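None of these values were measured; they are calculated from a predicted model.
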Amino acid sequence: MELIRVIVILAQCVWPLWTQVIHLTDMYGTIKSPNFPESYPKEIDLQWNISVPDGYQIRLYFMHFDIEPSYLCEYDYLKVYSDSEELAVFCGKENTDTEQVPADDVIMSPRNVLSVAFRSDFSNEERYSGFEAHFSVVDVDECRDRNDEDLACDHFCHNYISGFYCSCRYGFLLHSDNRTCKVECHESVYTERSGEITSADFPKPYPKSSDCMYRIELEEGFQITLEFDDTFDIEDHPEVTCPYDFIKINAGDKEFGPFCGEQSPGKIQTGSNTVNILFHSDNSGENLGWKLTYTSTGSECSPLAAPLNGHLEPLQSNYVFKDHIIMTCDPGYSLRQGDEEFEHYQIECQRDGKWSSDVPLCKKKESQRRHRSLPSILTNQILS
């Protein structure tokens, strides 16, 4: 027994040091052991390298298989691999605990290359007829099979023979990488005193490779307050501050941010009537984005007291920029401002926090004064 073991070791030492390589580039074909269906020779070291164009896989299956059995296929064997990835090792006539045959198995290459290596040792105690295998190319369905984020389409994937292409939903543009869908962000300008702004598609993942600018522009005298929703999800990094995606805010001479991660910035008092919000995203990630509401408050004017015999509408505890007050007087009185007389008078809170005019006085109307003095005139005439 020891002698047999020594012979086996010596035989492995003198195993052929070279391999005969056969290159195949056809779209289909047959691979057979030498002399098939007769017995294959001893000391064979053959390798078939199959390569096909990108966008295809290789399908390999066996019609016949009969190779010398051995423990873990240490004597004769057939090995299938793709690049450096081993896909299968076969030997014997049937499956056992230590030997595997291809039977009806179909082997698919993960890429567009596949190698089949066949090796026989220095002796065969019995007659083994070898193998016959067939290969053919199969179109890769990239739309179904690609799980790699760097290779998958953002929105829609369309497969064709030996390739695929991507397209985007309405309102999006295909990036130059031909897979990423981005938004064409023209500067959006908001002029209402309050409103809502969100990342595109919120709360679905926002587009990649985009730079979006949002501008809030109100009249001087207003101050804008931003308040971000609690749902806030922008790609970040555990060690570096916002290197990928981020929000930056400029308000007058103030800058806020950059903001990223899952912690909402909350409420930001900008102290300005103009705010620029920049949102940048790179070419990766599946984060949900953000939403904010903005409100504005105007410069505050000092409270006013109604004139004697007069009224103010509306009557409020405080007045801010753009608020109006209408003044009226009791019956028999009119508003006087200099030489002018008014039935009602309107003033406005201005951007500088001052009223547009002083409060006029309520004075008796001239006609009322004349009517009241007539009896005394008549009395004087009778007495005289």
Side-chain angles (χ1 to χ4, degrees), residues 8 11-142 144-146 148 161-163:
V8 169
Q12 290 174 342
C13 290
V14 297
W15 197 276
L17 298 179
W18 59 274
T19 300
Q20 181 183 353
V21 179
I22 300 171
H23 296 282
L24 302 173
T25 58
D26 295 330
M27 304 294 275
Y28 61 91
T30 303
I31 298 174
K32 301 177 183 179
S33 55
N35 297 337
F36 181 83
E38 302 299 325
S39 298
Y40 55 82
K42 305 170 186 177
E43 298 182 339
I44 289 293
D45 196 349
L46 260 176
Q47 181 168 306
W48 293 265
N49 289 341
I50 310 168
S51 61
V52 296
D54 289 337
Y56 292 101
Q57 291 174 282
I58 301 165
R59 178 174 180 261
L60 179 72
Y61 55 97
F62 290 81
M63 306 300 293
H64 179 84
F65 194 87
D66 179 24
I67 290 179
E68 180 187 14
S70 62
Y71 178 75
L72 297 178
C73 300
E74 60 184 353
Y75 298 155
D76 299 359
Y77 63 80
L78 183 142
K79 182 184 293 185
V80 183
Y81 58 95
S82 179
D83 292 328
S84 59
E85 180 184 354
E86 185 178 286
L87 302 179
V89 178
F90 299 123
C91 67
K93 293 184 176 181
E94 57 186 20
N95 287 327
T96 69
D97 291 341
T98 62
E99 300 158 359
Q100 184 180 4
V101 297
D104 295 329
D105 292 349
V106 174
I107 300 171
M108 295 291 294
S109 66
R111 291 166 289 280
N112 64 322
V113 292
L114 188 71
S115 294
V116 179
F118 174 54
R119 177 170 287 185
S120 65
D121 66 3
F122 67 98
S123 68
N124 280 337
E125 297 179 0
E126 299 180 22
R127 178 185 179 276
Y128 300 101
S129 55
F131 67 90
E132 178 185 17
H134 294 265
F135 71 90
S136 59
V137 300
V138 178
D139 177 49
V140 175
D141 188 344
E142 291 88 352
R144 180 194 64 200
D145 299 337
R146 289 202 172 183
D148 189 340
I161 299 298
S162 79

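- The heavy-atom pair separating G55 from D139 by the smallest distance is O-OD1, 3.4 Å.
- Note: C91 SG to K79 NZ = 12.0 Å, rounded to the nearest 0.5 Å.
- Annotation for M27: atom CE counts as buried by contact number, over 12 foreign heavy atoms lying within 6.0 Å.
- In this structure the side chain of W48 never reaches within 4.5 angstrom of the side chain of F135, judged on heavy atoms.
- Among residues at least two apart or in separate chains, side chain to side chain donor-acceptor pair (under 3.5 Å) pairs with a member in residues 21-36 are T30-H134.
- Every pair passing side chain to side chain donor-acceptor pair (under 3.5 Å) that includes a residue from residues 49-66 is listed here, sequence neighbours excluded: Q47-N49, N49-S115, D54-N112, H64-S129, D66-S129.
- Contact annotation: the side chain of I31 never approaches that of I22 to less than 4.5 Å [non-hydrogen atoms, C-beta and beyond].
- Among residues two or more places apart in sequence or in another chain, the ring pair (Phe, Tyr, Trp, His ring centres under 6.0 Å) test is passed with F118 by Y40, F131.
- Residues K42 and F122 have side chains not in contact (no heavy-atom distance under 4.5 Å, counting atoms from C-beta outward).
- Between the E99 side chain and the S70 main chain, a donor and an acceptor come within less than 3.5 Å of each other.
- Contact of the P34 side chain with the L46 side chain is registered, since non-hydrogen atoms from C-beta on lie closer than 4.5 Å.
- The two residues F36 and G130 make their nearest non-hydrogen contact at CD1-C, 4.3 Å.
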Worked check of side chain to side chain contact (heavy atoms under 4.5 Å, CB included) between L114 and L87: CA-CA 10 Å; L114 188 71; L87 302 179; 3.7 Å; yes
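- The nearest pair of heavy atoms linking F90 to V101 is CD2-C, 3.6 Å.
- Distance alone, capped at 3.5 Å, is enough to place a donor-acceptor pair between the S120 side chain and the I44 backbone.
- The shortest heavy-atom contact between T19 and R119 is OG1-NH2, 4.5 Å.
- Annotation for E68 and D121: closest pair OE1-OD1, 3.7 Å, computed over non-hydrogen atoms.
- A distance of 8.5 Å separates SG of C73 from CD1 of I67, quoted to the nearest 0.5 Å.
- Within the model, atoms CZ of F65 and CD of Q100 stand 9.5 Å from one another, a figure rounded to the nearest 0.5 Å.
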